[in-house]
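These notes are about the structure you will find just below.
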2 protein chains.
Amino acid sequence: MKLCVDAILFGFDKNDNDLKILLIERKYEPYIYCWALAGGFVKEDETLENSVLRELKEETGLVETPYLEQLYTFGDIDRDPRGRIISVSYYGLIKITDLNPSTDALDAKWFSVKNLPKNLAFDHKILIEKALERLRSKIIYQPIGFELLDEYFTFTTLHNLYETILDKSLDRRNFRKKITNFNILDEIDIITDDVIIGRPPKFFKFNIMRYQEKTKKGFYFEL
Amino acid sequence: MKLCVDAILFGFDKNDNDLKILLIERKYEPYIYCWALAGGFVKEDETLENSVLRELKEETGLVETPYLEQLYTFGDIDRDPRGRIISVSYYGLIKITDLNPSTDALDAKWFSVKNLPKNLAFDHKILIEKALERLRSKIIYQPIGFELLDEYFTFTTLHNLYETILDKSLDRRNFRKKITNFNILDEIDIITDDVIIGRPPKFFKFNIMRYQEKTKKGFYFEL
DNA sequence: TCAAAAGTGTTGGGGGTACACCCATGT
DNA sequence: ACATGGGTGTACCCCCAACACTTTTGA
């Protein structure tokens, strides 16, 4: 019996409003040339979380430490043809610009969750679905969406992020009102490289400290 | 590296409005004579869930299959003095009358969550806290509370259950109104052995079929 | 008739939803 | 001046919270 970890890493492309996950093309059997999640066997002297972080960095070239949360442990008997392998899965959120696999010349690639490859290795399709489900339910009551955005972002980007992940439209004014009332964003004056068409947007930054303070006092984020 | 499963089994005593969990007194080192969760090593040819069920039945004499849900996987390096042991934890809900350890002459015992023994084995205190947290958040948006009650129950019992688990008082009339409006309970005419003081209560039964039908049509249980 | 628990309705306020027009900028 | 996206306010309705008295039974 062996223990491995697998990571479902999410990124959000604000340009085409696309939620993506990172997959790696396998170079060995089993499932050679299929696409798999980053992951691998847990070492004797590392925690599960450290194991995921190590694998992510080794296999994807990631430098930053992503937001990471344990998802579920998959233990079906036949999930891996090599024998009994239990997988502790984690999902992670990063700013998609933190990782550009094509430049790093690794066999990793971002895939839109709406257009995943057919040849997914192992039971990774199931892990991905479970991660998506968790992400969808969690962004409603915890402000983890910001983990997917640049430090500075516009309301439109945030709005698009939520609409994309929840896969439904949200009234722009009410969304803005609700988030504004939470009082966890700071307006920031910056100049941006982005091409602006129309009225220039204001930029905001998530104030984690303030959020935590409010949370201590009984504040609940809830979309 | 070894893999084990641990079960946090909940029961609700409607007579003294007490949420309890089942613990087993250890007969061997390590943590001899300390109280531990039911659990043990996973066999090569059984799923994680089957492993939990087997251990529960072996160690507690439980016959019925409880509501069971994976909780979290604990993998800290030093959590077990015998070496690297990863634990996949599950929490379960049963009707407390389904299991009477004192009669079965096992070393298992129900403990009030408000009065747990000081000498808990391993990191089981943490597992219990995590299970409690999960239970508290889950009964709000899924009708799992019924798993802890007899098939037929009164509104007062249900109300007490929620107040006990959430550890706060809920307006009796509003609670009743809300649950009644969900239309997932059927009123049942039964005679009860319970000692009745005051006006006799009506009894109800959770209609799982109806709940599932409604859920399919977009109904959300939410307390 | 008293004690004990079960059962029931109304009102007010806050928050959510629905909805349309003006603003700032670049071309 | 026009195209493009950004920014804003109001009205209504529903749901939730707060709240107290009546009913049924056994002793």
Side-chain angles (χ1 to χ4, degrees), chain A residues 13-17 139-141 143 149-150 152-164 166 168-205 214 218-223, chain B residues 13-17 139-141 149-150 152-164 166-205 214 218-223:
Chain A
D13 185 337
K14 69 180 177 187
N15 295 314
D16 55 359
N17 290 332
I139 54 163
I140 290 172
Y141 67 92
L149 300 179
D150 296 330
Y152 307 110
F153 52 86
T154 67
F155 252 107
T156 301
T157 302
L158 187 64
H159 183 226
N160 287 337
L161 172 71
Y162 271 85
E163 287 197 333
T164 303
L166 297 176
K168 68 175 181 186
S169 61
L170 304 165
D171 184 89
R172 192 160 53 100
R173 282 160 293 188
N174 292 334
F175 177 83
R176 199 184 180 102
K177 228 180 304 174
K178 204 179 267 188
I179 302 282
T180 303
N181 285 340
F182 289 155
N183 192 29
I184 52 174
L185 297 188
D186 291 334
E187 190 177 337
I188 303 286
D189 270 329
I190 61 157
I191 33 178
T192 173
D193 299 338
D194 298 355
V195 181
I196 305 281
I197 303 170
R199 175 172 175 171
K202 293 177 180 170
F203 283 81
F204 295 87
K205 184 179 182 212
K214 289 171 73 91
F219 163 77
Y220 284 99
F221 180 94
E222 170 123 36
L223 195 70
Chain B
D13 186 336
K14 69 180 177 186
N15 294 315
D16 55 358
N17 290 331
I139 54 162
I140 290 172
Y141 66 92
L149 300 179
D150 295 330
Y152 307 110
F153 51 86
T154 67
F155 251 108
T156 301
T157 302
L158 186 64
H159 183 226
N160 287 336
L161 172 71
Y162 271 85
E163 287 197 335
T164 303
L166 297 176
D167 196 26
K168 67 175 180 186
S169 62
L170 304 165
D171 183 89
R172 192 158 54 97
R173 283 160 293 188
N174 292 334
F175 178 82
R176 199 185 180 101
K177 228 180 305 174
K178 205 180 265 186
I179 302 282
T180 304
N181 286 339
F182 289 155
N183 192 29
I184 52 175
L185 296 188
D186 292 333
E187 190 178 335
I188 303 285
D189 270 328
I190 61 157
I191 33 177
T192 172
D193 298 338
D194 298 355
V195 181
I196 305 282
I197 304 170
R199 175 172 175 170
K202 293 177 181 171
F203 283 80
F204 295 87
K205 183 179 185 214
K214 288 172 74 92
F219 164 78
Y220 283 100
F221 180 95
E222 170 122 38
L223 195 72

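All chains are named by letter (A, B, ...) in the order of the sequence lines, taking the proteins before the strands, and each is independently numbered beginning at 1. These values consider heavy atoms only, across backbone and side chains, with no hydrogens, waters or symmetry-generated copies.
Comparing Arg176(B) and Lys178(A) against DNA chain C, the residue whose closest nucleotide sits nearer the 5' end is Arg176(B). Ranked by how close their nearest DNA chain C nucleotide is to the 5' end, Pro200(A) and Asp171(A) are led by Asp171(A). The residue among Asn174(A) and Thr156(A) whose nearest nucleotide of DNA chain D lies closer to the 5′ end is Thr156(A).
If you check distances only, the side chain of Arg199(A) never reaches the base of dT4(D) with a donor-acceptor pair under 3.5 Å. No donor-acceptor contact under 3.5 Å links the side chain of Lys202(B) to the base of dT24(D).
In this structure, CD of Glu222(B) is placed 13 Å from C1' of dC15(D), rounded to the nearest angstrom. Asn181(B) places its CG atom 9 Å from the P atom of dC15(D), with the value rounded to the nearest Å. Rounded to whole Å, the distance from NZ on Lys177(A) to P on dG7(D) is 16 Å. When the C1' atom of dG5(D) is taken as reference, atom CG of Asp194(A) falls 14 Å away, rounded to whole Å. In this structure, Phe203(A) atom CZ and dG5(D) atom P are separated by 15 Å, rounded to whole Å. The distance from atom NZ of Lys14(A) to atom P of dG6(D) is 12 Å, rounded to the nearest whole Å. As rounded to whole Å, 12 Å separates atom C1' of dC16(D) from atom CG of Leu223(B). Phe204(A) places its CZ atom 7 Å from the P atom of dG7(D), with the value rounded to the nearest Å.
With rounding to the nearest 0.5 angstrom, the NZ atom of Lys14(A) is 7.5 Å from the OG1 atom of Thr154(A). Expressed to the nearest 0.5 Å, how far OG1 of Thr164(A) lies from CG of Asp16(A) amounts to 9.0 Å.
Side-chain atoms of Asp150(B) do not come within 3.5 Å of backbone N or O of Tyr152(B) as any donor-acceptor pair.
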Show me the donor-acceptor pairs within less than 3.5 Å that the side chains of residues 185-193 of chain A make with the rest of the protein, sequence neighbours left out.
from, atom 1, to, atom 2, distance (Å)
Asp186(A), OD1, Arg210(A), NH2, 2.0
Asp186(A), OD2, Asn207(A), ND2, 2.8
Asp186(A), OD2, Arg210(A), NH2, 3.2
Thr192(A), OG1, Asp194(A), N, 2.9

Side chain to side chain donor-acceptor pair (under 3.5 Å) assessment of Asn181(A) paired with Lys178(A): CA-CA 5 Å; Asn181(A) 285 340; Lys178(A) 204 179 267 188; over 6 Å; no

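Running 5' to 3' along DNA chain C, contacts with non-hydrogen atoms of chain A at under 4.0 Å begin and end at dT17(C) to dT25(C).
Considering only residues two or more places apart in sequence or on other chains, Phe203(B) meets the ring-ring contact (aromatic ring centres under 6.0 Å, His included) condition with none of them.
With Phe182(B) as the partner, the ring-ring contact (aromatic ring centres under 6.0 Å, His included) test is satisfied by one option alone out of Phe221(B), Tyr220(B), Phe204(B), Phe175(B): Phe221(B).
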